[in-house]
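Before any comments, here is the structure.
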Amino acid sequence: LGQVIQFLEDQHDIAIKLDARALDVIGVGADAPLTANLKGVSLHAGLQVLLGQLDLTYSIENEVLTITTREAAESRPELRVYDVAALLQDGEDAATLVGTLQAAMQPETTPVATLGGYGGGHPGMPGGGGPAPGMAPGGMAGPPIELVASLPRIIPHKQLLVVRHTSVGHREFSKLLEALAAAAKPPTTAAEPKKM
C-alpha cells in the first residue's frame, strides 16, 4: 500500500496520506499487499480497484487525498455547492430537483428474514395470530431492527444545491448529476449531406 501511494503521488503530482488512526482500527498498515495491472483507467477507478482489495476508500480533505476506511469516510460530512442550472427548465428553481435526487440516492434495501422463536407464530397456524405482546415479528423481544442509510442533506437556493454529504457520497452525487445532464441533452442528429 505504501509503495502504491508513493507511485500515485509521483505519477499524478498530488498529496496522498494514510489515515493511520482509522487503518489501525482494522489492522491495515502501509505494508498491506496490493496487486493490480491497470492501464487506461482514471485515478478514481484505479483507486476503487486497488483500495477495494483492503475494503478501504478515499476522501479528499484540504486538497489532500486521504486513504481511509469506509466507516471513517462516512463519519466526516462535507458541504459542497452544485450549479444545476443546466438541469432546470425555464422558470424552475433547484427545489424541483431535490425529491428526485434524494430518491435516486436512496439505497435499495433487501428484506431480511427475522429469526423465529416462541411467540412469533403466523395467522392460521397453531399458536399463530402474530407476535406475543412485547415481541417483535419472529418472536424476538424489542423493537424491529431498521437499517439506516446516510442520505445527503440537500438545500436548494435558486439554481444551486447546497449539499452536505460524505466525500464518497459526493462522488456518487456528482455521477448522478452528470447522468441527469447527459439524459437531458437533446439527441444529436446527423447532419444531412448537401445536395449538389
Side-chain angles (χ1 to χ4, degrees), residues 4-5 8-9 11-19 22-23 26 28 34 36 38-112 145-190:
V4 167
I5 288 171
L8 292 174
E9 280 186 319
Q11 188 76 18
H12 295 279
D13 194 26
I14 57 174
I16 303 177
K17 74 169 190 156
L18 284 176
D19 184 348
L23 271 60
I26 62 168
V28 173
L34 288 175
L38 304 171
K39 291 183 181 177
V41 298
S42 67
L43 178 60
H44 167 71
L47 284 169
Q48 284 190 310
V49 170
L50 287 166
L51 299 177
Q53 295 176 42
L54 301 172
D55 199 28
L56 300 176
T57 189
Y58 72 92
S59 62
I60 298 172
E61 302 167 15
N62 301 320
E63 300 180 15
V64 175
L65 192 147
T66 303
I67 308 294
T68 189
T69 62
R70 296 183 189 283
E71 294 78 15
E74 290 170 4
S75 71
R76 297 188 281 251
E78 304 171 4
L79 203 60
R80 296 188 190 174
V81 178
Y82 295 87
D83 184 344
V84 292
L87 298 175
L88 302 172
Q89 307 267 333
D90 290 339
E92 288 183 328
D93 66 11
T96 60
L97 286 175
V98 173
T100 301
L101 293 169
Q102 285 180 325
M105 295 294 288
Q106 183 94 24
E108 294 181 25
T109 55
T110 305
V112 178
I145 297 171
E146 287 183 24
L147 297 176
V148 178
S150 171
L151 287 177
R153 176 158 169 82
I154 305 173
I155 302 161
H157 176 70
K158 298 181 182 174
Q159 295 185 327
L160 303 173
L161 292 175
V162 180
V163 180
R164 182 176 169 85
H165 208 352
T166 64
S167 182
V168 174
H170 278 293
R171 288 197 296 269
E172 294 301 315
F173 193 79
S174 294
K175 280 197 260 182
L176 175 59
L177 290 179
E178 288 170 12
L180 286 172
K185 286 183 181 175
T188 57
T189 56

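What you see is a predicted model, and the numbers here were worked out from it, not measured in a lab.
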Within the structure provided, determine whether [X] and [Y] are in side-chain contact (heavy-atom separation under 4.5 Å).
X    : Y    : answer
L180 : L101 : yes
L8   : L47  : yes
L43  : I14  : yes
L51  : T57  : no
T69  : V28  : no
V162 : R164 : no

Salt bridge or not for E178 and K175, using N-O below 4.0 Å?
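Judged by the 4.0 Å cut-off on N to carboxylate O distance, E178 and K175 do not form a salt bridge.
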Taking atom NE2 of H12 as the centre, report whether more than 12 heavy atoms of other residues, nucleotides or ligands fall under 6.0 Å from it.
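Atom NE2 in H12 is crowded, with more than 12 foreign heavy atoms closer than 6.0 Å.
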For V163 and M105, run side-chain contact (heavy atoms from CB on, under 4.5 Å): C-alpha distance rounded to whole Å, both residues' side-chain angles, the deciding distance at 0.1 Å, then the answer.
CA-CA 12 Å; V163 180; M105 295 294 288; over 6 Å; no
Calculate, to the nearest 0.5 Å, the distance between atoms [atom1] and [atom2] belonging to [X] and [Y] respectively.
X    : Y    : atom1 : atom2 : value
K17  : I5   : NZ    : CD1   : 11.5 Å
L97  : Y82  : CG    : OH    : 13.5 Å
I155 : L161 : CD1   : CG    : 10.0 Å
Q48  : S42  : CD    : OG    : 8.0 Å
S59  : L65  : OG    : CG    : 7.5 Å

Trace of the side-chain contact (heavy atoms from CB on, under 4.5 Å) decision for R70 with D55:
CA-CA 7 Å; R70 296 183 189 283; D55 199 28; 3.0 Å; yes
Side chains of T66 and R76, donor plus acceptor under 3.5 Å:
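Side-chain D/A pair, T66 to R76: absent.
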Compare every heavy atom of [Y] with every heavy atom of [X], then report the nearest pair and how far apart it is.
X   : Y   : value
Y58 : H44 : OH-ND1, 2.7 Å
V84 : A94 : CG2-CB, 3.8 Å
A22 : T68 : CB-OG1, 3.6 Å

Apply side-chain contact (heavy atoms from CB on, under 4.5 Å) to L56 and L23, showing your working.
CA-CA 9 Å; L56 300 176; L23 271 60; 4.2 Å; yes
What do the steps show when you test R80 against S167 for side-chain contact (heavy atoms from CB on, under 4.5 Å), and what is the final call?
CA-CA 10 Å; R80 296 188 190 174; S167 182; 4.0 Å; yes
Side-chain donor or acceptor of N62 paired with backbone N/O of V64 under 3.5 Å
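No, because the side chain of N62 does not come within donor-acceptor range (under 3.5 Å) of the backbone of V64.
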